[in-house]
Amino acid sequence: MKSLGIGLIGTGYMGKCHALAWNAVAPTFGDVARPKLVHLGEANAALATCKAEELGFARASGDWRAAVEDPDVDVVSITTPNQFHAEMAIAALKAGKHVWCEKPMATSAADAVAMLEAAKASGKVAALGYNYIQNPAVRHMRGLIEQGAIGTVNHVRVEMDEDFMADPAATFGWKSEAASGYGALDDFAVHPLSLLSVLVGRIASVVVDMAKPYAERPLADGGSRAVETHDIANILFRLENGASGSLLVNRSAWGRKGRIAIQIFGSEGSLLFDQERMNELQLFQARGPVAEQGFRTILTGTSHPPYDRFIPAPGHGLGFNDLKVIEARELMRRIAGEPAHLIEFETGLQIERSVHAMARSHEVRGWVDVPG
Ligand SMILES: NC(=O)c1ccc[n+]([C@@H]2O[C@H](COP(=O)([O-])OP(=O)(O)OC[C@H]3O[C@@H](n4cnc5c(N)ncnc54)[C@H](O)[C@@H]3O)[C@@H](O)[C@H]2O)c1
């Protein structure tokens, strides 16, 4: 495959993560041409220049359109706040570029639909940053479910918690603005929804209660501003196959740092995983002498692809940024026309539909069907 030219828009938490992945993907996997880091776009020229130097990009612009329109760019990484995703992704697709856009896909259903239409019209690959599905432990869980290791799945319980919004004294930021979406639902719940979509399938209906732990947050230059988003959401759902489930998300949960705790219960066993212990999973199988039954802890290693691309020794552990390297490799596979394990805009739209149905349920105080 020819070397891909990379454009990057945004260089915060996720922008750095994408840049690291583009830098690492060729040496890690050893089977692809090293991408060329061509053009970086930021909110202003000074920041763009400084970050291009730091992250290894050849050109820098204070206008993101320059990165999108650069003829040497083949793929655009979009890592800006949520409200910019639709405009930037559609512009990149119209310019004939492949897109790797951070989650959530968009802040409105109409924007997500427009993004999918732009992707279809362009014929280019349009993928979303749903890195947690790339974890070798999660991929192994998927294989175990497909092989029937826990029988028929009948119940799923997921909790996602972090504490970056837990401090009531933390200043008002873009995540508290309605322009960024509903709050924990699109910022947070979309990650477990991406995991559910690959592990157990589509959510068919939901009932939801959202909450704001703090009504106001202080402004950096004095005073305060009313919080417009919900940091907590409690969701009950039904999967398309009839299984029941719950998804509880809280981005103001003191002490929780990166918890995505999943329990999947089947007719013959159970599977447990928690992103805070991302290098292991637990399997219970109702087999053999009852006196010897119990959960087994499986540490990921070289038998859980693509772990071996990073480390030749089992049990040493991958990290969060490694998931993005795997996602970059999958994206390159997809661009080369090979089968790939990715959440593209089509599935992304389904996740968005679940989120909007959840918000609607909170509003009407009752069960809402998720359009298929
Ligand atoms: N996949 C994941 O695990 C994960 C984790 C965190 C965040 N995210 C997503 O990544 C996105 C970015 O989040 P973040 O935490 O990196 O935010 P951030 O605030 O750290 O970074 C955002 C960057 O975008 C830049 N930016 C803003 N407006 C711009 C514009 N008009 N043109 C060019 N650059 C602009 C900012 O200067 C900043 O560098 C969000 O959509 C978020 O939901 C995904």
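Note that ligands are numbered from 1 as they come in the structure, with each ligand's atoms numbered from 1 the same way.
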Please could you name the atoms of ligand 1 that Asn131 approaches to less than 4.0 Å, counting only its heavy atoms? 1 (N), 2 (C), 3 (O)
Under a 4.0 Å heavy-atom limit, does Met14 contact ligand 1 with its side chain, its backbone, both, or neither? both
So, 4.0 Å and heavy atoms of Lys16: is ligand 1 close enough to count as a contact? no
For ligand 1, is there an N or O atom under 3.5 Å from any N or O atom of Glu102? yes
In this structure, atom 40 (C) of ligand 1 is nearest to the protein heavy atom Asn82 OD1, 3.3 Å
Side chain or backbone of Phe320 under 4.0 Å from ligand 1, or both, or neither, by non-hydrogen atoms? side chain
Student check: side-chain heavy atoms of Asp187 and Lys103 closer than 4.5 Å: yes
Between His39 and Ser61, does any side-chain donor sit less than 3.5 Å from a side-chain acceptor? yes
Nearest-contact summary for atom 18 (P) of ligand 1 - protein heavy atom, Å: Gly12 CA, 4.1 Å
Among protein heavy atoms, which lies nearest atom 28 (N) of ligand 1, and at what distance? Phe84 CE1, 3.5 Å
Please give me the minimum heavy-atom distance between Met332 and Pro35, naming the atom from each residue. CE-CG, 4.0 Å
Provide the number and element of each atom of ligand 1 under 4.0 Å from a heavy atom of Thr11. 23 (C), 39 (O)
In plain terms, say whether Glu344 and Arg334 are close enough for a salt bridge, that is, a side-chain N and a carboxylate O under 4.0 Å apart. yes
Considering both backbone and side-chain atoms of Leu47, is one of its nitrogen or oxygen atoms within less than 3.5 Å of a nitrogen or oxygen in ligand 1? no
Determine, for Glu280 against Arg296, whether the closest basic-nitrogen to carboxylate-oxygen distance falls under 4.0 angstrom. no
If you count the atoms of ligand 1 from 1 in the order shown, which ones are under 4.0 Å from a heavy atom of His85? 41 (O)
Atom 37 (O) of ligand 1: nearest protein contact (heavy atom, Å): Glu42 OE1, 2.7 Å
Selected option - heavy-atom contact closest to atom 27 (C) of ligand 1, from Cys101, Gly181, Gly173, Pro81: Pro81
Could you walk me through whether Phe57 and Ile6 pass the side-chain contact (heavy atoms from CB on, under 4.5 Å) test, one step at a time? CA-CA 9 Å; Phe57 281 76; Ile6 308 302; 4.2 Å; yes
Considering only the protein, which heavy-atom contact is closest to atom 11 (C) of ligand 1, and what is its distance? Thr80 O, 3.4 Å
Of Ala43, Ala106, Ser180, the residue with the heavy atom nearest atom 34 (N) of ligand 1 is Ala43
Do NZ/NE/NH1/NH2 and the carboxylate oxygens of Lys257 and Asp161 come within less than 4.0 Å? no
Tell me: protein heavy atom nearest atom 31 (N) of ligand 1, and distance? Met88 CE, 3.9 Å
When distances are taken from atom 19 (O) of ligand 1, the protein heavy atom at minimum range is Trp174 NE1, 3.5 Å
Is Cys17 in contact with ligand 1, taking contact as a heavy-atom separation below 4.0 Å? no
among protein heavy atoms, the one nearest atom 42 (C) of ligand 1 is Lys103 O, 3.5 Å
Taking atom types as modelled and ignoring hydrogens, do the side chains of Ser244 and His155 form a donor-acceptor contact shorter than 3.5 angstrom? yes
Does Glu330 pair with Arg139 as a salt bridge, N-O distance under 4.0 Å? yes
If we number the atoms of ligand 1 from 1 as shown, the ones under 4.0 Å from a heavy atom of Pro104 are 43 (O)
Is the closest side-chain donor-acceptor distance between Glu42 and Thr11 under 3.5 Å? yes
Residues His341 and Glu327: side-chain donor-acceptor under 3.5 angstrom: no
Quiz: residues 355-362 side-chain donor-acceptor pairs under 3.5 angstrom, not counting sequence neighbours:
{"unit_1": "His356", "atom_1": "ND1", "unit_2": "Tyr182", "atom_2": "OH", "d": "2.7"}
{"unit_1": "His356", "atom_1": "NE2", "unit_2": "Ala109", "atom_2": "N", "d": "3.2"}
{"unit_1": "Arg360", "atom_1": "NH1", "unit_2": "Glu363", "atom_2": "OE2", "d": "3.1"}
{"unit_1": "Ser361", "atom_1": "OG", "unit_2": "Val208", "atom_2": "N", "d": "2.8"}
{"unit_1": "Ser361", "atom_1": "OG", "unit_2": "Gly366", "atom_2": "O", "d": "2.7"}
{"unit_1": "His362", "atom_1": "ND1", "unit_2": "Met210", "atom_2": "N", "d": "2.9"}
{"unit_1": "His362", "atom_1": "ND1", "unit_2": "Arg365", "atom_2": "NH1", "d": "3.3"}

For ligand 1, the portion of Thr79 having any non-hydrogen atom under 4.0 Å away: backbone
For a quick test of your reading: what N or O donor-acceptor pairs under 3.5 Å do the side chains of residues 227-234 make, sequence neighbours left out?
{"unit_1": "Glu228", "atom_1": "OE1", "unit_2": "Ala178", "atom_2": "N", "d": "2.7"}
{"unit_1": "Glu228", "atom_1": "OE2", "unit_2": "Arg225", "atom_2": "NH2", "d": "3.2"}
{"unit_1": "Thr229", "atom_1": "OG1", "unit_2": "Lys175", "atom_2": "O", "d": "2.9"}
{"unit_1": "Thr229", "atom_1": "OG1", "unit_2": "Arg251", "atom_2": "NH2", "d": "3.1"}
{"unit_1": "Asp231", "atom_1": "OD1", "unit_2": "Arg251", "atom_2": "NE", "d": "2.9"}
{"unit_1": "Asp231", "atom_1": "OD1", "unit_2": "Arg251", "atom_2": "NH2", "d": "3.0"}

